[in-house]
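Reviewing the structure listed below.
Keep in mind that what you see is a predicted model, and the values were worked out from it rather than measured. Every heavy atom of this structure was used, including side-chain atoms; hydrogens, water molecules and symmetry mates were not. Count residues from 1 along the sequence.
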Amino acid sequence: MKVSVVMASCNPDMKRIRLAINSILNQTFQDYEIIIVDDGSKRPIENSIKSISRDPRIKVLRIENSGLGAALNHGIQSSKGEYIARLDDDDMMVISRLQKQVDFLDKYQDVSCVGTFHYDMIERKSYKHRRFPTDHNRIVESLINCRFSLAHTTLMFRRSAFDKIGGYRIQRGGQDLDLELQLGSVGRLANISEYLNFYTMSSSGLGTINPTKYKAYLFALNDVVSRNIYPDFTDKAKRTIARLERIDNSPLKSFIEKFKRYALRTRVILLGTINADYIAASKNP
């Protein structure tokens with residue numbers, strides 16, 4: 001098995017998860033399995049998933065609610081793929097994503113993890129998110145500044161690298177920064193400079209104040225400093241730690257962060273289009 005696509009889900013929007021599954025089944029690359037971990041949904045989702053597709057490559061596992069990191073660890077431990085591909089249960093892949101990431105990892109053996117650019121999406125409309133750096137050092141520097149340059153939902157990484165770092169160390173929110181910095185310690189990080197994923201812009205999420213995520217980010221960055229993982233960026237990491245420790249949870253700060261999110265969503269609503277990538281990915285296989 002070349003690729004395991006691993007997804008965690010808790011009380012999902014069945015319309016969105018149907019589109020996510022369709023986008024995987026429509027991939028040009030077909031040597032994969034799909035592992036969906038039901039992270040303690042109020043109602044088990046296995047039968048609902050079977051109503052979407054009975055493709056034998058789809059496996060549904062159920063655990064008590066444990067958080068995204070814990071659910072993904074469980075799914076990956078049950079996987080058989082050489083490479084692990086991530087996708088959130090309300091996002092979608094462009095149909096060439098798996099093939100291009102497999103080709104990239106096959107070609108660049110020193111790369112442990114590769115992401116892609118992504119579209120921001122609301123319903124069927126999407127708009128291109130900012131371009132990410134593609135060079136390892138620039139990605140690491142951006143991550144250490146907490147300017148996320150690897151979108152978790154777009155990642156493909158080597159199972160061997162994942163096992164080497166011990167998997168997700170953070171069980172709930174904010175697990176992405178630690179995972180990516182750890183993967184960067186055992187290989188190079190990279191991005192494919194193509195828009196190969198759709199990221200659903202919910203009214204909450206990134207851009208809002210979340211103390212749990214900040215604690216996770218502090219854990220990741222303090223570990224980078226204490227173990228001197230990235231010597232060239234130690235001072236930057238210390239400055240980011242100091243900044244996170246001063247996070248202001250005042251109503252004004254909360255309003256500013258929510259306004260940023262509102263602006264990003266408004267851009268998609270006003271300027272977004274229903275593009276050919278979406279149409280190809282969303283069709284029933």
Side-chain angles (χ1 to χ4, degrees), residues 3 5-9 16-17 19-20 23-24 27 68-69 71-72 76 83-102 104-105 111-122 125-158 161-162 168 170 173-184 187-208 210 213 216-217 220 260-261 264-265 267-268 272 275 277-278 281:
V3 176
V5 182
V6 182
M7 179 189 303
S9 187
R16 300 305 317 172
I17 200 170
L19 290 169
S23 76
I24 302 169
Q27 290 292 301
L68 180 57
L72 293 175
I76 292 170
Y83 301 151
I84 306 298
R86 278 284 297 115
L87 186 69
D88 288 339
D89 67 353
D90 57 353
D91 295 342
M92 296 169 61
M93 297 181 178
V94 172
I95 64 172
S96 58
R97 178 189 146 186
L98 291 184
Q99 184 68 67
K100 290 184 175 182
Q101 288 184 301
V102 166
F104 192 94
L105 290 178
V111 171
S112 57
C113 174
V114 60
T116 78
F117 297 175
H118 68 81
Y119 298 99
D120 291 333
M121 176 175 65
I122 297 176
K125 296 177 71 173
S126 62
Y127 190 85
K128 289 181 177 178
H129 192 76
R130 66 179 173 88
R131 297 171 66 88
F132 296 139
T134 57
D135 171 73
H136 171 79
N137 285 334
R138 289 184 61 211
I139 291 172
V140 169
E141 182 177 16
S142 179
L143 291 173
I144 284 177
N145 284 330
C146 277
R147 182 170 170 78
F148 290 89
S149 51
L150 279 174
H152 189 218
T153 188
T154 74
L155 299 185
M156 181 181 285
F157 46 84
R158 299 182 191 277
F162 181 83
Y168 289 92
I170 296 172
Q175 72 294 315
D176 47 350
L177 180 63
D178 185 60
L179 175 81
E180 291 160 6
L181 288 171
Q182 294 302 310
L183 286 171
R188 288 197 303 116
L189 303 176
N191 274 311
I192 295 173
S193 56
E194 296 183 51
Y195 287 85
L196 299 176
N197 222 74
F198 293 90
Y199 166 70
T200 294
M201 293 285 294
S202 62
S203 56
S204 60
L206 295 179
T208 59
N210 186 325
K213 285 189 176 182
Y217 301 158
K260 290 178 183 178
R261 184 71 173 187
L264 290 172
R265 284 175 51 83
R267 183 178 66 173
V268 177
N275 66 30
D277 284 335
Y278 174 89

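Closest approach of N191 to P133, counting heavy atoms only: ND2-O, 2.9 Å. A161 and S112 get closest at one heavy-atom pair: CB-CB, 3.9 Å. In this structure, I17 and S9 approach most closely via the heavy-atom pair CD1-OG, 3.8 Å. Residues T116 and Q101 come closest through the heavy atom pair CG2-NE2, 3.6 Å.
Taking CG from L155 and SG from C113, the interatomic distance works out to 4.0 Å, rounded to the nearest 0.5 Å. Rounded to the nearest 0.5 Å, atoms OG (S23) and CG (L98) are 8.5 Å apart. Taking OG of S126 as the start and CE of M201 as the end, the distance is 12.0 Å to the nearest 0.5 Å. Here the NE2-CG distance, from H152 to L72, works out to 5.5 Å after rounding to the nearest 0.5 Å. Note that the CE atom of M156 and the CG atom of L196 stand 10.5 Å from one another [nearest 0.5 Å]. In this structure, the separation between CZ on R188 and CG on D135 is 7.5 Å, given to the nearest 0.5 Å.
Relative orientation of the F117 and Y195 rings is perpendicular, given thresholds of 30° and 60° on the angle between their planes.
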Item to complete: Evaluate the criterion side chain to side chain contact (heavy atoms under 4.5 Å, CB included) for residue pair F157 and L179; output intermediate values, then yes/no.
Response: CA-CA 11 Å; F157 46 84; L179 175 81; 4.2 Å; yes
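Counting only distance, with no hydrogens or angles, the side chain of T154 and the backbone of G115 share no donor-acceptor pair below 3.5 Å. The main-chain N or O of M92 is never found under 3.5 Å from a side-chain atom of R97 such that the two would form a donor-acceptor pair. Not a single donor-acceptor pair under 3.5 Å links the side chain of Q175 to the backbone N or O of A216. H136 contributes a side-chain N or O that, together with a main-chain N or O of L189, makes up a donor-acceptor pair within less than 3.5 Å.
E180 meets the side-chain hydrogen bond (donor to acceptor under 3.5 Å, both in side chains) test with no other residue; sequence neighbours excluded. For T153, the side-chain hydrogen bond (donor to acceptor under 3.5 Å, both in side chains) criterion is met by D91, not counting sequence neighbours. With sequence neighbours left out, K100 forms a side-chain hydrogen bond (donor to acceptor under 3.5 Å, both in side chains) with E194. Checked against side-chain contact (heavy atoms from CB on, under 4.5 Å), A190 has the following partners two or more places apart in sequence or in another chain: F104, V111, V114. Contacts of R16 classified as side-chain hydrogen bond (donor to acceptor under 3.5 Å, both in side chains), with partners at least two apart in sequence or in another chain: none.
Residues D120 and R267 are paired through a salt bridge, judged by an N-O separation under 4.0 Å between the basic side chain and the carboxylate.
Between Y168 and F162, the ring center distance clears the sub-6.0 Å criterion.
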Side-chain donor-acceptor contacts of residues 144-151 below 3.5 Å, not counting sequence neighbours, with atom names and distances?
residue, atom, partner, partner atom, Å
N145, ND2, E141, O, 3.3
S149, OG, I139, O, 3.2
S149, OG, S142, OG, 3.4

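A side-chain contact (heavy atoms from CB on, under 4.5 Å) with Y119 holds for exactly one of N197, T200, D277; it is D277.
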